[in-house]
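Working notes for the structure below.
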Amino acid sequence: RTSAGCSPTLLALQYKKADAFADWYSDVIVLSEMISYYNISGCYILRPWSYAVWGSIQRWFDDKIRPLDVDNCYFPMFVSKGRLEKEKDHVEGFAPEVAWVTKSGDGDLAEHIAIRPTSETIMYPAFADWISSHRDLPLKLNQWSNVVRWEFKNPTPFLRTREFLWQEGHTAHATIEEADEMVMTILDLYRGVYEDLLAVPVIRGYKTEKERFAGGYMTTTCEAYIPTSGRAIQGATSHNLGQNFGKMFDISFQDANGKAAIPWQTSWGITTRTIGVMVMVHGDDQGLVMPPAVAPVQVVIVPIVNKKVGYDDLRPYCEKLKATLEAEGLRVKFDDRTIYNPGWKFNHWEQKGVPVRVEVGPRDLENKQCRVCVRHDGSKSDKPTEDGTIGPFMKGMMSDIQKAMFEKVRKERDDHLVKVWKWEDFTPNLEKGNLILTPWCGPEFQDEEEQVKDKSKAEGLERSGGEEDERCAVSVAGKTLCIPFDQPDLPEGTKCFYTGKPAKCWVLWGRSY
């Protein structure tokens, strides 16, 4: 193996994940060929390696919503000023981020046109045209599109960008029970995207009234955790919008009893932020570590030549091995480029996070075997290739890797999940990068929630002796993440950790992206 030429290349990561996390993140998404920067701040080029991950999520999600009778569609990306401002609470939630088209050529537009920050006000006038009877319900639509939100805070690729890709679903139902069922069904699919595809554990729950979707009735969320930074990140949300938008946009129907009624609506979305979460959670000092479920290439075969055995000698053996693995449904790449030595290829595919590298050298050819190198844990083993076991073995290995990656991250998350009963312990646990469960007086106490955020920010800055720029996207403040569905026991008489009022529930807090 020493003939492989494993000297470092000039493309090695310059930063350590634990030492300079933000710089490491920028380094790894560029060197792994996921992102290229663009000349407009907050906008990025998704290269094929990252777009393939998004494609895997699209295909999986489409296959899941099709049995739910959800149809894909597409609505325009522009919305008139009048329509956008029709729902007051809704537009106020997005107003600072709305991008406007004000000119056409040299002339000013008679009415400013907003570029889609979300599609409620774009789609619901059409709902009013299409829905008139209970027979028209439920109406279930989904679209894959781009969104523009002109972020004021410092942009970060995948996590906080001015344009991003997403899926947004919009449905209308005759009853609140049907709408609630839709919300929860979709939220569980979002859990599946993170846990089953990306190997990232999430905590599902309700948003507090302060954090719920603008103009909505109820918001549910999946919250992920980034161990290296000790921060939470909102993974996806699913909303019961209530009947508010129906009232605003005159959506009504005649029910089975002939009475006029307003439908209950839902909206739900997941974005390319998923890719950034995957990178931050699993990546290491060598680069990406891709979960097999979404890896564009699951196995890369690298031939190792010497003076006696060249590429022409190894190629038929490697191509046969490739075909064997592809017959098991695996995504396989045979890297037969002759302009790069094996050491360069090892580094290249490690940076791109390919789950398994298969090395084939002269000794492997002679012994009818290959060396299997696992990316996520660095393990290596020699496996026979001619006895019919290599295909099933490698297919099973993908499941094993997926599970091991998930369990590793779940343990890291759970090790940083703590209960706090009194204020004095709150900010110190934020400083430790913990997710914090506290007894809370109720989701309706918005002023008190804001006080916790402000007070924890002040204490955090006092401890660090620093200041926080208003453009900073990673505040030291603690904020509510959700009211978890999975509620620990709350002993009778328990007091809210902040107000001292009787506690009604446990709330999850943390520093967040």
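Neither side chain, Asp196 nor Trp60, offers a donor N or O lying under 3.5 Å from an acceptor on the other.
Not one N or O on the side chain of Glu97 forms a donor-acceptor pair closer than 3.5 Å with the backbone of Val148. For the pair Thr266 (side chain) and Val183 (backbone), a donor-acceptor distance under 3.5 Å is absent. Distance alone, capped at 3.5 Å, places no donor-acceptor pair between the Arg273 side chain and the Trp166 backbone. Remark: side-chain polar atoms of Ser26 are not paired, donor with acceptor, to backbone N or O of Asp23 under 3.5 angstrom. A donor-acceptor pair is defined here as one N or O able to donate and one able to accept, closer than 3.5 Å; such a pair exists between the side chain of Asp27 and the backbone of Gln14.
No salt bridge links Glu407 with Lys403; every basic N to acidic carboxylate O contact stays at or beyond 4.0 Å. The pair Arg511-Glu431 meets the salt-bridge criterion, with a side-chain N (NZ, NE, NH1 or NH2) lying under 4.0 Å from an Asp/Glu carboxylate O.
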Would Asn72 and Arg66 count as a side chain to side chain donor-acceptor pair (under 3.5 Å) here? Give the steps. CA-CA 9 Å; Asn72 279 322; Arg66 196 172 294 115; over 6 Å; no
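In this structure His282 satisfies the ring pair (Phe, Tyr, Trp, His ring centres under 6.0 Å) test with no other residue, sequence neighbours excluded.
The aromatic rings of Trp130 and Phe75 are tilted relative to each other, their planes meeting at an angle between 30° and 60°. Below 30°, between 30° and 60°, or above 60°: for Tyr44 and Tyr37 the angle between ring planes is above 60°, a perpendicular geometry. Ring orientation note: the planes of Tyr124 and Phe245 are nearly perpendicular, at an angle over 60° on the 30°/60° scale. The aromatic rings of Trp24 and Phe21 sit parallel to each other, their planes meeting at less than 30°, with 60° as the upper class boundary.
Within a 6.0 Å radius of CG in Asp106, no more than 12 heavy atoms belonging to other residues, nucleotides or ligands are found.
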